[in-house]
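Each remark here refers to the structure printed beneath this line.
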Number of protein chains: 2
Amino acid sequence: MIRQRLQAARLRPSRQRISLAGLLFVAGDRHVTAEQLHREAQALDMPLSLATVYNTLRQFVASGLIREVAVFGSTVWYDTNTGSHCHYFDEGRQRLEDIPSDLTRDLKIAAPPGYRIVGVDVIVRLRDDETLQ
Amino acid sequence: MIRQRLQAARLRPSRQRISLAGLLFVAGDRHVTAEQLHREAQALDMPLSLATVYNTLRQFVASGLIREVAVFGSTVWYDTNTGSHCHYFDEGRQRLEDIPSDLTRDLKIAAPPGYRIVGVDVIVRLRDDETLQ
DNA sequence: CTTATTGCAAACCGTTTGCACGTTC
DNA sequence: GAACGTGCAAACGGTTTGCAATAAG
């Protein structure tokens with residue numbers, strides 16, 4: 001199943017890619033950073049380097065298997081749900097989550113003349129009541 | 001006017017802060033990065049260091065004079081319009097701009113139980129028709 | 001004279017890259 | 001064996017910080 005997915009994306013099924021695709025796709029929607037995924041792989045004794053995690057995630061994005069999400073800060077988040085949807089970002093726990101209903105459908109966005117819309121990112125930043133000083 | 005604005009924010013009107021506040025607030029809404037603002041100041045013979053630009057912009061954010069905008073990549077953008085509104089990001093020219101109508105009013109966002117919404121970022125990524133491969 | 005601000009250079013941190021080695025087809 | 005993938009360590013780029021020098025109240 002994982003192998004088929006990689007094959008469909010024209011990526012050779014190397015041990016590392018199978019491990020990472022397994023972590024990403026076995027458990028439904030996921031939102032992870034490269035470092036998180038690397039730690040997970042380590043914990044499960046899947047030996048691969050951090051550089052490979054970064055490179056692989058970029059390849060997965062290029063192949064449309066996952067997508068990037070823009071959040072504050074320099075960290076790139078990856079989302080296995082490639083459809084149109086929005087995100088909550090819990091600033092206290094630093095966790096990214098889908099917003100159940102696709103709010104983008106409510107948005108009446110037009111591109112300015114001469115431009116094309118290549119993506120819409122909606123992120124709702126949250127603070128939990130305790131963390132909120 | 002600039003001095004009053006700084007005073008209201010309880011920031012001492014140092015030469016550097018007056019320069020930067022001038023650049024930011026004299027010409028209506030602006031969207032800049034720290035590097036851009038530093039280059040502008042240099043060009044106008046306002047001597048200040050890049051570190052000061054970074055620090056000052058953070059103070060301005062903390063005082064509510066400007067706000068940060070989350071865009072892809074590690075670069076932080078600063079917006080002199082602190083009200084609720086959304087952004088176009090021109091990926092070719094790397095320019096950030098306001099979307100004239102406040103789309104966030106169309107969004108029916110609720111915070112999950114136990115959470116508070118501290119901000120909503122909507123960024124519409126654009127590519128101009130030429131740049132589009 | 002006390003407290004805040006600045007500038008430099010070094011640290012930082014997430015990410016990318018060059019290149020020698022290993023793997024897949 | 002040709003093309004591709006991996007891992008290391010070093011580079012990168014935007015940002016932050018420690019600290020001595022300087023300026024504001």
Side-chain angles (χ1 to χ4, degrees), chain A residues 2-23 31-42 45-63 65-78 89 94 96, chain B residues 2-23 31-42 45-63 65-78 89 94 96:
Chain A
I2 294 294
R3 296 184 102 91
Q4 284 173 358
R5 210 145 173 170
L6 290 175
Q7 203 156 28
R10 303 183 181 284
L11 294 168
R12 289 188 184 172
S14 66
R15 177 173 53 74
Q16 293 86 338
R17 284 182 184 158
I18 292 172
S19 297
L20 293 176
L23 290 177
H31 299 86
V32 294
T33 66
E35 305 256 10
Q36 283 173 7
L37 201 59
H38 185 235
R39 256 183 269 117
E40 264 182 47
Q42 305 270 58
D45 291 310
M46 294 168 163
L48 37 69
S49 76
L50 185 53
T52 297
V53 176
Y54 276 107
N55 292 332
T56 304
L57 286 171
R58 266 187 300 146
Q59 292 160 349
F60 284 7
V61 169
S63 313
L65 292 174
I66 60 179
R67 69 147 157 141
E68 290 181 342
V69 182
V71 181
F72 267 120
S74 53
T75 309
V76 178
W77 287 80
Y78 295 92
F89 184 63
Q94 292 277 116
L96 193 69
Chain B
I2 295 293
R3 296 183 103 93
Q4 283 173 358
R5 210 146 173 171
L6 291 174
Q7 204 157 28
R10 304 186 178 280
L11 294 168
R12 288 190 184 173
S14 66
R15 177 172 54 74
Q16 292 88 338
R17 284 183 185 155
I18 292 172
S19 297
L20 293 176
L23 290 176
H31 300 86
V32 295
T33 66
E35 305 256 11
Q36 283 174 6
L37 200 59
H38 184 235
R39 257 183 268 117
E40 264 182 47
Q42 305 270 59
D45 290 312
M46 296 168 163
L48 38 69
S49 75
L50 184 54
T52 297
V53 176
Y54 276 107
N55 292 332
T56 304
L57 286 171
R58 266 185 302 146
Q59 292 160 349
F60 284 6
V61 169
S63 313
L65 293 174
I66 60 178
R67 69 149 158 140
E68 290 182 341
V69 182
V71 180
F72 267 119
S74 53
T75 308
V76 178
W77 288 79
Y78 294 93
F89 184 64
Q94 293 277 117
L96 193 68

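We name chains A, B, ... by the order of the sequence lines, and we start the count at 1 in each one.
Remark: P of C:dG22 and CD of A:Gln16 are 13 Å apart, rounded to the nearest angstrom. Whole-Å rounding puts the B:Leu20 CG to C:dT6 C1' distance at 12 Å. Straight-line distance from the CZ atom of B:Phe60 to the P atom of C:dT5: 11 Å, rounded to whole Å. As rounded to whole Å, 11 Å separates atom P of D:dG7 from atom CZ of A:Arg17. Separating the CD1 atom of B:Ile18 from the C1' atom of D:dA23 is a distance of 12 Å, rounded to the nearest angstrom. Atom CG of B:Leu6 is separated from atom P of D:dA23 by 19 Å (rounded to the nearest Å). Between the P atom of D:dG7 and the NE2 atom of A:His38 lies a distance of 8 Å, rounded to the nearest Å. Distance, B:Leu11 CG to D:dG25 P: 12 Å, rounded to whole Å.
Nearest heavy-atom pair, B:Leu50 versus B:Ala34, reported as atom, atom and distance to 0.1 Å: CD1-O, 4.3 Å. Across all non-hydrogen atoms, the minimal contact from A:His31 to A:Gln36 is O-OE1, 3.8 Å. Shortest non-hydrogen contact noted between B:Tyr78 and B:Arg58 is OH-CG, 4.3 Å.
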When the side chains of residues 12-23 of chain B are checked against the rest of the protein, which donor-acceptor pairs come out under 3.5 Å, sequence neighbours left out?
residue : atom : partner : partner atom : Å
B:Ser14 : OG   : B:Arg17 : N            : 3.3
B:Arg15 : NH1  : B:Pro47 : O            : 2.9
B:Arg17 : NE   : B:Gln59 : OE1          : 3.4
B:Arg17 : NH1  : B:Arg12 : O            : 3.1
B:Arg17 : NH2  : B:Gln59 : OE1          : 3.2
B:Ser19 : OG   : B:Arg15 : O            : 3.1

Cut-off 3.5 Å, no hydrogens considered: what does the side-chain donor-acceptor table look like for residues 67-74 of chain A, sequence neighbours left out?
residue : atom : partner : partner atom : Å
A:Arg67 : NH2  : A:Gly83 : O            : 3.4
A:Arg67 : NH2  : A:His85 : O            : 3.2
A:Arg67 : NH2  : A:His85 : ND1          : 3.3

Please tabulate the protein-to-nucleotide N/O contacts below 3.5 Å involving nucleotides 23-25 of chain C, giving atom names and distances.
residue : atom : partner : partner atom : Å
C:dT24  : O2   : A:Arg12 : NH1          : 3.2

Anything under 3.5 Å between a protein N or O and an N or O of nucleotides 13-20 of chain C, put it in a table, one pair a line.
residue : atom : partner : partner atom : Å
C:dG14  : O3'  : A:Ser74 : O            : 3.4
C:dT15  : OP1  : A:Ser74 : O            : 3.4
C:dT15  : OP1  : A:Val76 : N            : 2.4
C:dT15  : OP2  : A:Tyr54 : OH           : 2.6
C:dT16  : OP2  : A:Arg58 : NE           : 3.4

Can you name the atoms? Protein N/O to nucleotides 19-21 of chain D N/O, anything below 3.5 Å, with the distance.
none

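Between D:dG7 and A:Ser49, a contact under 4.0 Å exists linking OP1 or OP2 to a side-chain N or O. Contact annotation: B:Gln59 side-chain N/O to C:dT5 OP1/OP2 distance is not under 4.0 Å.
The neighbour count for A:Gln7 CD, taken as heavy atoms of other residues, nucleotides or ligands under 6.0 Å away, does not exceed 12.
Taken to the nearest 0.5 Å, the CG atom of B:Leu48 stands 8.0 Å off from the CG atom of B:Leu37.
Summary of helix geometry: the two end axes of the helix from C:dC1-D:dG25 to C:dC25-D:dG1, each defined by five base pairs via their C1' atoms, are inclined to each other by 30° (rounded to 10°).
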B:Val76 and B:Tyr54: side chain to side chain contact (heavy atoms under 4.5 Å, CB included), yes or no, with the steps? CA-CA 10 Å; B:Val76 178; B:Tyr54 276 107; over 6 Å; no

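Panel note: side chain B:His38, backbone B:Ala51; no donor-acceptor pair is recorded below 3.5 Å.
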